[in-house]
Amino acid sequence: MFKKDFPLLGSKVIYLDSAASAQKPKAVLKAMDTFYKTSYSNVHRGTCHLANMATEAYENARYTVALFLNTKADNIVFTKGATESINLVASGYAQMLKPGDEVLICTAEHHANFVPWQQACLRSGATFKVFNILPDGRWNLDDFKAKLSQKTRLVAVAGMSNVLGVLNPVQDIVSMAHRVGAKVLVDAAQSIAHVPTDVKKLDCDFLAFSGHKLYGPTGIGVLYGTTEALASLSPYQFGGEMVDKVTIEKTTFAPVPARLEAGTPPITEAIGLAEAINYMDKIGFTTIQKREQALFEKLIAKLQHIKNIEFLGEPKYKTGLVSFNIKGIHPNDLSAILSKENVCVRVGHHCAMPLHTFLGIKASLRVSLGLYNDSKDIDAFISALNKAIGFFK
Ligand code: PLP
């Protein structure tokens, strides 16, 4: 139904790798092209009409993102992706944490929400703590409660796992964390494209995502922070745009968000991201979720008929993506054959080595859906998968 909006998705490509990066609709390509052709300039510094148009377009993009998350434009920092957003917060915390403080994350985190915290703790002398998941893939909330303490300064968790596909009960964790005075960062890199995200409702302190998983371009990411949380971060990088006054003796910094956006920002990419949000808004999350859920149920039902399939976690708790292995066949071998059939999936540890270690496996095959997928994609994938399995019999 929506496939026609995505130029790369002709009848040949069966794209089931949207969790890695989503394809881009014509509207996004057109908005970026038009901006380059008609209004491109650097932002903020100029006085000519082009600079004013570019600044207005860039700041309008910030406003669009803010509305999408139910917050104000001043609470939105543009970065180059979820990884940079999380690193920005972690580098601020590396300076604020002290020995005795604790940071708590989940074993299922993507490396982007794992390694920066491990490093921040190493640098500051704080303790890095990890809570487990249950065998069915959901958070082990008893383990979370046992590891949360008065010493916890920050909890960093994914809204949706990029391997397990579980939509996590972030709100429950936020209230528990706030009760002990800890701040919460939500890694929304996966959840952002599948469910509406309301930072007021979530009540989180920080939230990070990338534009490219939300049908926008690469090179643009978002860090949401409450005014207090953003103000607590010292600048991540230094240079133009982020200063108030510079003298030989000292530099004073601009207020957030400018203080955290040193140098020329990803201007056209921000405009592309705003257009992706407009595109999604036109379809609406009700339609997106209904379609994806129906398709996902079909996918799971078909996979459950496949002999020797081993799911990572319980399929009934998943949304939008599923990871599995076929006993006795390496996922790389399966993927190589799927690729010959024009089916794009992802294999490996999916940047979640601690999770794969916890599950006692090295790799898995992941199938992930986007709003453009349809029933034919599922049929083509299942038929290619059966063919691939048959090859190894
Ligand atoms: N967090 C999660 C859950 C992800 O799935 C990813 C990417 O796959 C990231 C963070 C990092 O996103 P990016 O590489 O766009 O910075």
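The shown structure was predicted, so the numbers you read here are calculated from the model rather than taken from an experiment. For this chain, numbers begin at 1 and follow the sequence in order. First listed ligand is number 1; within each ligand, the first listed atom is number 1.
A ring-centre distance under 6.0 Å is not found for Phe2 and Tyr372. Taking the six-membered ring where the residue is Trp, the centroids of Phe209 and Tyr224 are separated by 6.0 Å or more.
Heavy-atom contacts of Asn162 reach the following atoms of ligand 1: 5 (O) (cutoff under 4.0 Å). If you number the atoms of ligand 1 from 1 as listed, the ones under 4.0 Å from a heavy atom of Ser210 come out as 12 (O), 13 (P), 15 (O), 16 (O). Under a 4.0 Å criterion applied to the non-hydrogen atoms of Thr83, ligand 1 contributes the atoms 11 (C), 12 (O), 13 (P), 14 (O), 16 (O). Counting atoms of ligand 1 from 1 in the listed order, those under 4.0 Å from a heavy atom of Ala112 are 10 (C), 11 (C). Those atoms of ligand 1 that come under 4.0 Å of a heavy atom in Ala189, given as number and element, are 1 (N), 2 (C), 4 (C), 6 (C), 9 (C), 10 (C). Here is the list of ligand 1 atoms found below 4.0 Å of a heavy atom in Ala82: 12 (O), 16 (O).
Ring orientation note: the planes of Tyr58 and Phe78 are tilted relative to one another, at an angle of 30° to 60°. Ring planes of His350 and His356: tilted class, angle from 30 to 60°. Between His349 and His111, the ring planes lie tilted relative to each other; the angle falls in the 30° to 60° range.
Scanning the protein heavy atoms around atom 7 (C) of ligand 1, the nearest turns out to be Lys213 NZ, 2.7 Å. Protein heavy atom in closest approach to atom 4 (C) of ligand 1: His110 CD2, 3.2 Å. For atom 5 (O) of ligand 1, the closest heavy atom belonging to the protein is Gln190 NE2, 2.7 Å.
The closest approach between Asp187 and ligand 1 falls below 4.0 Å for a heavy atom of the residue.
The shortest non-hydrogen separation linking Asp205 to Ala182 is OD2-O, 4.4 Å.
Under 4.0 Å from ligand 1, not a single heavy atom of His350 appears.
Between Val157 and Asn168, the closest side-chain pair of non-hydrogen atoms is not below 4.5 Å.
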Fill in: side-chain hydrogen bond (donor to acceptor under 3.5 Å, both in side chains) assessment of Thr268 paired with Tyr36
CA-CA 7 Å; Thr268 316; Tyr36 271 132; 3.3 Å; yes
